[in-house]
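Encoded as structure tokens, the structure appears first; notes follow it.
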Amino acid sequence: MLRITTWRQTGAPAPNLTPQATMQAINEMCSALGKVPGAGQVRWFFGNGGIVTVGEPDSYAVADAILKTPFAQAAVAKVLTLGYGLVEDQFLLEPSKVLPFFEAQEAVPAQMSRN
């Protein structure tokens, strides 16, 4: 599973905020989130009109548990105090995790005769 979260400047930036301070806070947040058991690696990128974090949680339960840990809450709060807000949160699942929920379909022949 991938969790793709977009963060954008939604509030007034902190006084004297530098780009380096923002990058440091995002690095600290990704490091803290990645320490939660089952969270997997969490990385960040510039894109989609802001900063995008990409995590690899084992499940939805882990994704929910991440923000319940005190050290992750503190790291996210620091980013929020810089004026950034979470504006989009997407979960992407591997086909193998989704296919069991579909009804079995009759196999379609690999090759169909052409007339």
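Residues Pro13 and Leu82 are not in side-chain contact: their nearest non-hydrogen atoms beyond the backbone lie 4.5 Å or more apart. Side chains of Tyr84 and Ile26 form no contact here, defined as non-hydrogen atoms less than 4.5 Å apart. Counting heavy atoms from C-beta outward, Ile51 and Thr6 have side chains that stay 4.5 Å or more apart. Between Phe45 and Ile4, the closest side-chain pair of non-hydrogen atoms is not below 4.5 Å. Two residues are said to be in side-chain contact when any heavy atoms from C-beta on lie closer than 4.5 Å; Phe46 and Met23 meet this criterion. Asn27 places none of its side-chain heavy atoms less than 4.5 Å from the side chain of Cys30. No side-chain heavy atom of Val54 sits under 4.5 Å from any side-chain heavy atom of Trp44. Taking the side chain as every heavy atom from C-beta outward, Leu80 and Trp7 approach each other to under 4.5 Å.
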Quiz item: Can Lys35 and Leu33 be said to form a side-chain contact (heavy atoms from CB on, under 4.5 Å), step by step?
Solution: CA-CA 5 Å; Lys35 291 178 184 174; Leu33 298 177; over 6 Å; no
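Atom-to-atom distance recorded for Glu94:CD and Leu2:CG is 7.5 Å, nearest 0.5 angstrom. Distance OG/Ser31 to CZ/Arg43: 14.5 Å, rounded to 0.5 Å. Remark: Arg8 CZ to Leu86 CG distance equals 10.5 Å, nearest 0.5 Å. The CE atom of Met29 sits 13.5 Å away from the CZ atom of Phe71 when rounded to the nearest 0.5 Å.
The two atoms that bring Gly47 and Val52 nearest to each other are O-CG2, 3.3 Å, heavy atoms only. The two atoms that bring Val79 and Ala25 nearest to each other are CG2-O, 3.8 Å, heavy atoms only. Taking each heavy atom of Ala39 and Ile66 in turn, the nearest pair found is CB-CD1, 3.8 Å. The minimum heavy-atom distance linking Glu88 with Asn48 is given by the pair OE1-ND2, 3.2 Å. Heavy-atom minimum distance, Ala63 versus Phe91: CB-CE2, 3.6 Å. Contact detail for Pro57 and Met1: the closest heavy-atom pair is O-CB, 3.5 Å.
Taking Asp58 as the reference, nothing meets the salt bridge (Lys or Arg N to Asp or Glu O under 4.0 Å) condition, with sequence neighbours excluded.
Looking at Gln24 and Glu28, their side chains do bring a donor and an acceptor atom within 3.5 Å of each other.
With hydrophobic clusters built from ILVMFWY side chains whose heavy atoms lie under 4.5 angstrom apart, Leu67 does not share a cluster with Tyr60.
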